Amino acid sequence: MKIARLSSADIHWREDGDPEGVPVVFSNSLGTDLRLWDKVIALLPKQGLRLIRYDKRGHGLSSCPPGPYSMDGLVEDTHELLEHAGVHSCIFVGLSIGGMIGQLLTSRRPSLIQGLVLSNTGAKMGEAAMWQERISRIRAGGIDALADAILERWFCEDFRRSDECLAWRHMLTRTPVEGYTGCCEAIAGTDLTASTAKLGLPVIGIGGADDLASPPELVRNTAALVAGSRYVEIETAGHLPCVEQPHQFAGHLMTFFKEDLHVSTI
């Protein structure tokens, strides 16, 4: 296990694939850790790609600094991690809050990101009042009190009946309350519409047809802010299509890498 001791947090991260390959950085959603990407990583080539993923602060095996968190702080964690890993240019794959981190990081450090995958995310996700209500309910009753409602947004009904879904529920409910609510506060205070509209790089939006957390229209409209972007939608998938439909998700990544970014080493 790798820990990067950064200025504001200790970040757990790992890498797979080719140490000399094109870096691909994966940033996960609220309430999950880097295992979110296990199925997709297993399907991607191990030659030509350096596959990097991490637990954001307050999640997984990373430290949990006291809140509140800000999107600026989460982006700075990511930038410091990439410096620690010796990454000077990468493809960034962000899901949900990870996609927001990717948008702002690209805006702040455009030379660092050569291509951006915006999965199940938005430039603005929900209203501040909704996030404050969720924060209050979790502080009062813990994440378990909202877990079933969150899973309905994450997964389709058939998947929710599977044994695997129990593991995702455990991952969610074991997330530190301070880490979860801190990231909720970061989302609540963020609207990236203006800065994302100024981006000038290859972008693909990936939506889940049954996503109740970031509906397909939100993802489509967010990707459309960037000139020349495109959008794809995965059927029978909710908020985490990389879990429910990993082959389709990995296929869209490979198409983007080859056709949009012209990665020739895979």
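Remember, predicted model here, so these are calculated numbers, not experimental data.
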Would the number of heavy atoms belonging to other residues, nucleotides or ligands and lying under 6.0 Å from CZ of Arg160 be above 12? yes

Under a 4.0 Å N-O cut-off, is there an ion pair linking Arg53 with Asp33? no

Side-chain donor/acceptor of Trp131 to backbone N/O of Met125, under 3.5 Å: yes

If you measure from the Lys or Arg side-chain nitrogens to the Asp or Glu carboxylate oxygens, is any gap between Glu83 and Arg109 under 4.0 Å? no

Going by the angle between their ring planes, with limits at 30° and 60°, are Trp37 and Phe26 parallel, tilted or perpendicular? tilted

More than 12 non-hydrogen atoms from neighbouring residues, nucleotides or ligands closer than 6.0 Å to NZ on Lys198, yes or no? no

Does Gln245 offer a backbone N or O that forms a donor-acceptor pair with the side chain of Lys39 under 3.5 Å? no

Does CZ in Arg5 sit with more than 12 non-hydrogen atoms of other residues, nucleotides or ligands closer than 6.0 Å? no

Pair Thr193, Asp191: side-chain N/O donor-acceptor within cut-off below 3.5 Å: yes

Between Arg220 and Glu233, is there a side-chain N and carboxylate O pair less than 4.0 Å apart? yes

Return yes if some donor-acceptor pair links the side-chain N/O of Thr106 with the main-chain N/O of Gly102 below 3.5 Å, else return no. yes

Answer yes or no: are there more than 12 heavy-atom neighbours, outside Arg139 itself, under 6.0 Å from its atom CZ? yes

